[in-house]
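Have a look at the structure below, then the notes.
Just so it is clear, the values below take in all heavy atoms, side chains as well, and ignore hydrogens, waters and symmetry mates. What you are looking at is a predicted structure, and each value in this text was computed from that prediction instead of being measured. Lettering of chains follows the sequences in order, A, B, ..., and the numbering in each one begins at 1.
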Amino acid sequence: MLILSRKINESINIGDKIEVSIIDIRGDQVKLGINAPRDVKVYRQEVYAAIQEENLMASRTTTDLPALESLLPQEKKKT
Amino acid sequence: MTIQSKAYGSVEIDERQRILFPFGILGFENLKVYALLDAAQQPFYWLQSLDVREIAFVLISPTIFRPDYEVKVFEDELAEIGLESVEDENALIFAIVTIPENQSKMTANLQGPIIINKETKQGRQLINSDPRWKTKHLILEELGAERTRAC
């Protein structure tokens, strides 16, 4: 992994279309500014990780599905 | 055509139920061909991998328990499966369901919805950028809340 030191208001370029700037640093939090073409998707890593993990759990789901209605407290059913 | 399914073993499907996921599903990027099946139990569906029989996802239509559900995604990601917007008449929107041992605690992933173009038979999982939607929504709880409101 390439590791670079940067100060506030400094930035790095990734290729010739993506620029990542250090906007602010407070305590253990760094605020980043990202300039990238519209077709480059930028997500927080944990969002990806959370969805991947959820998919993995979902893929192990039982094949013995309940009918949704049977799990609901008994009440009048939709007509 | 006949396929092998995790839930029902060998089943006959129509060619129209075969869905290509050009980008796979997050964590399952290598599996690109699925079949969309009605589950025996309403209102669920199975998204069954045609590459690996043991991989299948339970799907639900999110609006069944969250009529206020909205999908905010990049238009160019939709364009990659031939859709202009999530309101496109050919767009089908599903959430993947996770069912733990205590089935009443089943959850739906509204942060990573599955969008299918029913005309081109292509699908993909997208990341919903609206922060209201998480990976674990308790379906029964939210369905209960919805019914209370409706009364």
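Under 4.0 Å is where a charged nitrogen must lie from a carboxylate oxygen, and between B/E70 and B/R132 at least one such pair does. Ion pairing of B/R66 with B/E142 is present here, as a side-chain N (NZ or NE/NH1/NH2) and a carboxylate O approach within less than 4.0 Å.
For B/Q42, the part sitting under 4.5 Å from any heavy atom of chain A is the backbone (N, CA, C, O) and nothing else. For B/K134, no part lies under 4.5 angstrom from a heavy atom of chain A. Using a 4.5 Å cut-off between heavy atoms, B/I127 contacts chain A through both its backbone and its side chain. Residue B/L47: no heavy atom, backbone or side chain, is found under 4.5 Å from chain A. Only the backbone of B/A56 has a heavy atom closer than 4.5 Å to any heavy atom of chain A. For B/E80, the part lying near chain A is the side chain, with the backbone staying farther off; criterion is any non-hydrogen pair under 4.5 Å. Heavy atoms closer than 4.5 Å to chain A are found in the side chain of B/E29, but not in its backbone. The part of B/V97 that comes within reach of chain A is its backbone (N, CA, C, O), which places non-hydrogen atoms under 4.5 angstrom from that chain. Neither the backbone nor the side chain of B/E101 comes within contact range of chain A; no heavy atoms are under 4.5 Å apart.
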Trace of the side chain to side chain donor-acceptor pair (under 3.5 Å) decision for B/S85 with B/D88: CA-CA 5 Å; B/S85 80; B/D88 193 302; 5.7 Å; no

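Under the 4.5 Å side-chain criterion, counting only non-hydrogen atoms from C-beta, A/L32 is not in contact with A/S21. Within the 4.5 Å cutoff, no side-chain heavy atoms of A/I22 are placed close to those of A/N9.
Both the sub-6.0 Å distance and the 45° axial angle are not jointly satisfied by B/R124 relative to the ring of B/F21.
For the options B/T107, B/I139, B/T98, heavy-atom pairs under 4.5 Å to chain A are most numerous at B/T98.
Put simply, the residue from B/F94, B/F28, B/Y45 that forms a ring pair (Phe, Tyr, Trp, His ring centres under 6.0 Å) with B/F57 is B/F28.
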